[in-house]
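Please read these numbers as outputs of a predicted model, since none were measured by experiment. Chain letters run A, B, ... following the sequence lines, proteins first and then strands; every chain starts at 1.
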Amino acid sequence: MDGQTVRELLSHPATEVAPLLLGAHLTLGPVTIRLTEVEAYLGETDPGSHAFRGMTPRTTTMFGEPGHLYAYFTYGMHVCANVVCSPTGEASAVLLRAGEVVEGVDIARERRTTSKTDADLARGPARLTVAMGITLAHNGADVLGESSAPRLELARPAVDFGRSVRTGVSGPGGLDAFPWRFWLPGEPSVSPYRAHYPKKRPG
DNA sequence: GTCGAGATTATCT
DNA sequence: GATAATCTCGACC
């Protein structure tokens, strides 16, 4: 499957693209991971998306051409990576939440000294970027082209995957957003990541 | 295994 | 000044 074909596949809403990324390989230098957990973010309709409030300098990449990498800083010390989806002009992206290191495990271990097991190396969005060596410098890079950027390689479509519905959702005013999460069942690198607990208990 | 709280800074209002 | 697509450590079961 050539790059152009892949880019066409990515030119759809993140909710449709997300399952396609499960099992896909992402390579940057010596490290390759197999994506085991992703999450879809839309633009206008997803209150949890950075693009919900319109385009900002930071989210410009998200509105750009599909197949590019959207990397951003969060909580002051972490980097998260997304693959931009939907046609140019439409904000949509898939957050890479977790993966299994299939190549370059030694290097990933050096970068993630706090990991005690290999399954922990890329379990979590910020952990994944550390293990892979993704930084803000990769923001806007084309994952289907340049060799200096992370390179995405789709696997065969995942036939079996988990899918979360909005936990805690709800009703009107439910700001819980739409955590459209997709994962590969039975993967240690997915595991029951800490369930997001409410900061404030609802009355 | 689950639950709770602190750390730390770019970005937006 | 408030917020945030998080991680790590500690306490408890």
- request: Would you check if A:Tyr41 stacks with the base of C:dA5, given a 5.5 Å centroid limit and a 30° plane limit, both strict?
  value: yes
field: Donor on one side chain, acceptor on other, A:Arg34 and A:Thr36, under 3.5 Å
entry: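 No - no donor-acceptor pair under 3.5 Å links their side chains.
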query: Is it the case that A:Tyr70 and A:His50 place a side-chain donor and acceptor less than 3.5 Å from each other?
result: yes
- request: For B:dT11, take OP1 and OP2 only and decide whether either is under 4.0 Å from a side-chain N or O of A:Arg53.
  value: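 No, because none of the side-chain N or O atoms of A:Arg53 sits under 4.0 Å from OP1 or OP2 of B:dT11.
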- prompt: Under 4.0 Å: is that the gap between some side-chain N or O of A:Arg181 and OP1 or OP2 of C:dA5?
  reply: no
- prompt: What does A:Phe52 touch in the nucleic acid at a heavy-atom separation under 4.0 angstrom: a base, only the sugar-phosphate, or nothing?
  reply: nothing
field: Pair assignment for DNA chain B - dot-bracket with | for other-strand partners, Watson-Crick or G-U under 3.5 Å
entry: |||||||.||||.
As a test of reading the structure: which of [options] is closest to the side chain of [X], going by heavy atoms?
X: A:Tyr72; options: B:dA10, B:dT13, C:dA5; answer: C:dA5
X: A:Asn82; options: C:dA5, C:dT8, C:dT6; answer: C:dA5
X: A:Met77; options: C:dA5, B:dT8, B:dC12; answer: B:dT8
X: A:Phe73; options: B:dT13, C:dT8, B:dA10; answer: B:dA10

Restricting to non-hydrogen atoms, name the atom on [X] and the atom on [Y] that form the minimum distance, rounded to 0.1 Å.
X: A:Val190; Y: A:Leu184; value: CG2-O, 4.0 Å
X: A:Pro125; Y: A:Cys80; value: CB-SG, 3.7 Å
X: A:Tyr41; Y: A:Ser49; value: CD2-CA, 3.9 Å
X: A:Val38; Y: A:Ala18; value: CG2-O, 3.5 Å

query: Considering only heavy atoms and no angle criterion, is a donor-acceptor pair shorter than 3.5 Å present between the side chain of A:Tyr75 and the base of B:dA7?
result: no
query: Over how many whole Å does the gap from A:Arg58 atom CZ to C:dA4 atom C1' extend?
result: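 In whole Å, C:dA4 C1' lies 13 Å from A:Arg58 CZ.
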Interatomic distance, A:His78 NE2 vs B:dG6 P [rounded to whole Å]: 16 Å
Near-strand residues of residues 13-32 of chain A, defined as heavy-atom separation under 4.0 angstrom from DNA chain C: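 When residues 13-32 of chain A is checked for heavy atoms under 4.0 Å from DNA chain C, there are no hits whatsoever.
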message: I'd like to know whether the aromatic ring centres of A:His78 and A:Phe73 sit less than 6.0 Å apart in this structure.
response: no
